[in-house]
2 protein chains.
Amino acid sequence: MTGRTQAERSDETTGRLVRAARRLFGARGYAPTSIDAVAAAAGVTKGAAYHHFGGKVALFRAAFVRELEEVSAALVRAAGQEHEPMEALRRGCRTFLEHCLDPGFRQIVLLDAPSVLSWETVRAIEHDHLLRVLHDGLRVAVAGGQAADGDLPVRARLVFGALCEGGMLLARSQDPAADLPRLAAEADRFLEALRR
Amino acid sequence: MTGRTQAERSDETTGRLVRAARRLFGARGYAPTSIDAVAAAAGVTKGAAYHHFGGKVALFRAAFVRELEEVSAALVRAAGQEHEPMEALRRGCRTFLEHCLDPGFRQIVLLDAPSVLSWETVRAIEHDHLLRVLHDGLRVAVAGGQAADGDLPVRARLVFGALCEGGMLLARSQDPAADLPRLAAEADRFLEALRR
DNA sequence: GAAGTTACGTACCGCGAGTATGTACGTCAA
DNA sequence: TTGACGTACATACTCGCGGTACGTAACTTC
């Protein structure tokens, strides 16, 4: 494993660490997962983890950011399929709910993140990914006259909160495929409330 | 401190422990708060804590339950003031948002509980307090014809999720008194969606 | 009032986060 | 090319904290 540049070595190691962190933090949760375990799963030692990350929290944060990047990309992709603003919003919300079926995503993003990172931190990172998308969708709908005006950042947050609860609810279901439509129907009812 | 019955001693000690747990867990968060610190704040030692509670999680759970008991009592009291079902719902939601101004409540109930206790546990306890109240309110409104029918347990959860996010948002505001009406206005918009 | 139970306090163990230090590899100037 | 320097780790250690074992004092029961 020699003859590579420093940057290549770093990227390789940090990549492996973040991937391992997502797997273990996602499967067992933050507290019961030791840094040694993450490092071992990444094929390195604790020293490497502490060299690249400030500590356990920083490593978790990296995993959290990666989760959000993925889901927001999926949201943008799904919403982009629709040209009607309110349809795009519905599609985006449904995509988010489907994404909540991933246990790792739930554990890291919905359960552990608010406790491990401060709420301010979580909010800032979520804003740069999920919330920005949702907020933009709402703004387009308002500008086009499909949705009533109001405090859009607040509205986006409320919708997001409802979706998170919905996601947990959906995951707990023993037949998510069957419950998703029922859940989506209730969620749509709230989105309909925004119609003018 | 002698001449008391065993039940009195137990009640005294557990009461002091739970009060101290609410203070410390609420102020510093779950992880950075040691059991020794809680016991010391309660005027006892770790042995007493482990005698009455199974462990740190069990102690936290007791504090969590206590928080929920208080807020649900406040909700019932506030909603009871109104006789119009939808008005009672609005009043209850607003009371919950006001309750979120308490930092300890936010830290324990909104931030740490889902991570420390399993989501199943949190859901079960919340159901016995907050959710039951909300669900009953919705049922009355539906029965009276003021709200549209649907999947009420799911609907209650979605509303609760939105309220939790709203509560955090409100707490972060530097002027909560001024922002509460704006937030309540957006929340009301979602409640209006339920009107038939 | 003696035996048994409950309510603690105290001393200890083990695990895991964080740190200090050593070492191999990559980088860059002369 | 080679020596000096910086970077990317590994290894060994410390220490705080959750949990446990055990001892003791207070209460209860017969």
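Within every chain, numbering begins at 1; the chains are lettered A, B, ... in the order of the sequence lines, protein sequences first and strands thereafter.
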Check this for me, if you would: do [X] and [Y] make a salt bridge, where the nitrogen-to-carboxylate-oxygen distance has to be below 4.0 angstrom?
X        : Y        : answer
A/Arg22  : A/Glu70  : yes
A/Glu126 : A/Arg123 : no
A/Arg195 : A/Glu192 : yes
B/Glu186 : B/Arg189 : yes

Would you kindly give the [atom1]-to-[atom2] distance between [X] and [N], to the nearest whole Å?
X       : N      : atom1 : atom2 : answer
A/Glu8  : C/dC25 : CD    : P     : 16 Å
A/Glu12 : C/dC25 : CD    : C1'   : 16 Å
A/Phe60 : C/dG18 : CZ    : C1'   : 19 Å

- Message: My understanding is that only residues two or more places apart in sequence, or in another chain, count here; which of them pass salt bridge (Lys or Arg N to Asp or Glu O under 4.0 Å) with B/Arg182?
- Response: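 Counting only residues at least two positions away or on another chain, B/Arg182 forms a salt bridge (Lys or Arg N to Asp or Glu O under 4.0 Å) with A/Asp151, B/Asp179.
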- Parallel, tilted or perpendicular: which fits the ring planes of B/Phe105 and B/Phe96, with parallel below 30° and perpendicular above 60°?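 The arrangement is perpendicular - the two ring planes meet at more than 60°.
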- Query: Within the pair B/Thr5 and D/dT28, is there a side-chain N or O less than 4.0 Å away from OP1 or OP2?
  - Reply: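 So the side-chain polar atoms of B/Thr5 do come within 4.0 Å of the phosphate oxygens OP1 or OP2 of D/dT28, strictly under.
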- Note on the structure: Heavy-atom contacts, protein to nucleotides 8-15 of chain C, under 4.0 Å, summarised as B (base), S (sugar-phosphate only) or - (none) per nt, yield BBB-----
- Message: Heavy-atom nearest nucleotide on DNA chain D for B/Tyr50 versus B/Ala7: which residue maps closer to 5'?
- Response: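 Final value for this comparison: B/Tyr50.
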